[in-house]
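Per chain, numbering begins at 1; letters A, B, ... match sequence-line order.
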Amino acid sequence: MSDDIRVRIAPSPSGNLHIGTARTALFNYLYAKKMNGTFVLRIEDTDAERTKQEYIDNIFDSLKALGLNWDEGPDVGGEYGPYTQSERFDIYPKYAQMLLDKGYAYECWCTNEELEQEKEEAVKNKQAYVYSRKCLNITKEQREQYIKEGRKPAIRFKVEHKELVFNDMVKGELKFDTSLIGDFVIMKSNGTPTYNFAVVIDDMLMKISHIIRGEDHISNTPKQILIYEALGAKVPEFGHLGMILAPDRSKLSKRHGATAVSDFVKEGYLTDALINFVALLGWAPSDGQEIKTVDEIAQDFRIHEISSSNSIFEYDKLNWMNGQYIKKMDIKKLTDMIIPFLSKYDLSELSREKLERMVLITREPLTVLKDIEDDVPYFFGKNVPLDEVKELLSSELSKNVLTKFLELVNGWETDGNGDFTDEEKIHNDLADLRADFKEKFGYKPKETMWAIRAAITGRTRGADMVGILMILGKDKVLLRTKNAQKITLGV
RNA sequence: AGCGGUAUCGUCUAGUGGUUAGGACGGGAGAUUCUCAUUCUCCAAACAGGGGUUCAAUUCCCCUUACCGCCGCCA
């Protein structure tokens, strides 16, 4: 593992892992993988009020489920810990003091009210607000006075006025006039660091070499670079990713549906599909093959080729992709994943083997695992409601088909459990039946099958008919056929 | 308001100083299958606008427009 390339994802546990954060994590992970570097997870839980343990757990679980495993982090440790920001509170004041001593920072005794006033003034004059530097050169006496009043100072970084340029890995050259920034707070009056200060100290101490994050951080970057420089530290490389937007071009938020990875999983999206889809937002495979594992993507990944524009999160393509993964997934794994979505059925009715077969023949139309719930009721229970197919079953055609079908069923062999044993015969008999009735009565093959399907499932659409018969077994098939015949025969 | 960013089919994107501007999702048409769905084939669909530079701009430069982000003692 190369020691020079170190990237990180630093989520703040004030909510479940957001899909946007997941994408940022992915690009960091990909870069680390591709460059043989180290991927670090740091939890930025400075905001005690919004931080919850359940969110921390959710972040861990989601990242793991997505396959974005970290090399260093709160749980696995590492050389540069602790990796939880709240456990690092004692280290920030030291660096703040260092900046104070060197004259890169100064105490600010302004009250919120004073600051508020400055801002209002600026708004009134249609000026961009920059701190007045009123506390830059206060006298010893004033300071004593403030202390006596019980005021606690914040520490502000003294921003040097200059043109600051850096080369962003995805955006290219970015220029800023730092005189527009204003001296910003690095330590709050309550003794805790601000975000901009804490990230720099943490990234510096954790030897993060490349910072890949959302473009909402672009305007933080000059501030952070200034701090690195004042500290005499090596400035890392930056890469700013475009944002993920909702279809209405606003920020992806709860009102658009799922935003957390775990929400998507609850709806039945596969994490493999999710991460694959999200990779395609900004990145394109060189071979045109879009369905790829994270490891395959990593091989093909070049950070400079990431699109620098925002991209819209379109469910259509995600749905398609999820369907692709569902169709290709190992059937045992898929069955395991689907079981939670079948809670309204009594799964003990089916053996594991039958359950897997049911999944096998019902997986095709699924876009999301949750969809299966409505597609499988007829695999459970003895009988099925026929209300939806009453009309269809009332036809002469159905009568003829079911009469013949019943005859066939009675001829099919079963084992001790009442399950059919000769699948091939069933398959062939049904094929013959279709051919036969087509010839004799001119029934279309699908019409013949509709009658049988209606009788057995109560529906006109569904899974492979032979498979259904194999799963249900003779007793249920007989029962349901006879039941349907009450309609066809007008009993 | 200021500062920064972005601009190729509806969406995600490929691509180039000279191309029939390519693919994927979605849409439309058709074929296959016992239905639905799959799968396959075909079709429609884009270089935001205006100036330059150039023999030639979708591509390079500038402006406009639109959209996004940031302007906290939040992260």
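- B/U59 sits 15 Å from B/A21 when the P atoms are compared, rounded to a whole Å.
- Across B/C47 and B/G4, the matching P atoms stand 30 Å from one another, rounded to whole Å.
- Counted within 6.0 Å of CD on A/Glu229, heavy atoms from surrounding residues, nucleotides or ligands total more than 12; the atom is thus considered enclosed.
- A/Gly242 comes within 4.0 angstrom of no nucleic acid atom, judged by non-hydrogen atoms across all strands.
- Nucleotides B/C43 and B/G52 have their C1' atoms positioned 39 Å apart, rounded to a whole Å.
- Nucleotides B/C40 and B/U33 are separated by 12 Å at their C1' atoms, to the nearest Å.
- Checked against a 6.0 Å centroid threshold, the rings of A/Tyr195 and A/His217 count as neighbours.
- Annotation: A/Phe238 is in aromatic contact with A/Phe166 [ring centroid separation under 6.0 Å].
- As judged by a 4.0 angstrom heavy-atom cut-off over every strand, A/Gln324 is placed among residues touching the sugar-phosphate backbone only.
- On the P atoms, B/U16 is 15 Å away from B/A7, given to the nearest whole Å.
- At B/U11, one or more side-chain N or O atoms of A/Arg249 fall inside 4.0 Å of OP1 or OP2 (strictly under the cut-off).
- No more than 12 heavy-atom neighbours from other residues, nucleotides or ligands sit within 6.0 angstrom of NE2 on A/His427.
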For nucleotides 28-33 of chain B, list the nitrogen or oxygen atoms of the protein found under 3.5 Å from its nitrogen or oxygen atoms, one pair per line.
none

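- Pairing for B/U65 is with B/A7, a Watson-Crick or G-U wobble pair whose two hydrogen-bonding atom distances lie under 3.5 Å.
- Whole-Å rounding puts the A/Phe313 CZ to B/G10 C1' distance at 17 Å.
- Ring to ring, A/Phe197 and A/Tyr95 are not that close: their centroids are 6.0 angstrom or more apart.
- A/Phe277 has its ring centre less than 6.0 Å from the ring centre of A/Phe313.
- In this structure, A/Pro285 and A/Leu318 both approach RNA chain B, and ranking their closest nucleotides by distance from the 5' end singles out A/Pro285.
- For the P atoms, the distance from B/G17 to B/G69 is 33 Å, rounded to whole Å.
- In this structure, A/Lys444 reaches neither bases nor backbone, as no heavy-atom distance under 4.0 Å exists between it and the strands shown.
- Comparing A/Ser307 and A/Trp450 by the nucleotide of RNA chain B that holds the closest heavy atom to each, the one mapping nearer the 5' end is A/Ser307.
- Between the side chain of A/Asp375 and the base of B/C36, no donor-acceptor pair of N or O atoms lies under 3.5 Å.
- Distance A/Asn319 CG to B/A37 P: 16 Å, rounded to the nearest Å.
- Here B/C12 presents its P atom at 17 Å from CG of A/Asn276, a figure rounded to the nearest Å.
- Partner A/Lys292 forms a side-chain hydrogen bond (donor to acceptor under 3.5 Å, both in side chains) with one of A/Asn276, A/Asp287, A/Asp300 and no other, that one being A/Asp287.
- Remark: the separation of the C1' atoms in B/U20 and B/A46 is 15 Å, to the nearest Å.
- Atom CD1 in A/Ile361 sits about 15 Å away from atom C1' in B/U38, given to the nearest Å.
- The gap from the C1' atom of B/A56 to that of B/G18 amounts to 7 Å, rounded to the nearest Å.
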Completion exercise
Once base and sugar-phosphate atoms are separated, protein heavy atoms under 4.0 Å mark nucleotides 69-75 of chain B, 5' to 3', with B, S and - as SS-SBBB
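- Heavy atoms of A/Asp464 sit under 4.0 angstrom from at least one base atom.
- When Watson-Crick and G-U wobble pairs are counted only if both distances are under 3.5 Å, B/C70 pairs with B/G2.
- What separates CG of A/Leu281 from C1' of B/C12 is a distance of 6 Å, to the nearest Å.
- Computed from coordinates, the A/Leu252 CG to B/C68 P distance equals 14 Å when rounded to whole Å.
- Just one of A/Tyr131, A/Tyr129, A/Phe157 meets the ring pair (Phe, Tyr, Trp, His ring centres under 6.0 Å) condition when paired with A/Phe184; it is A/Phe157.
- Rounded to whole Å, atom P of B/A14 lies 11 Å from atom CD of A/Glu290.
- Pairing for B/C40 goes to B/G30, judged as Watson-Crick or G-U wobble with the two contacts each under 3.5 Å.
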Heteroatom pairs (N/O) under 3.5 angstrom, protein to nucleotides 7-9 of chain B:
none

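- Centroid-to-centroid, the aromatic rings of A/Trp70 and A/Phe60 come within less than 6.0 Å.
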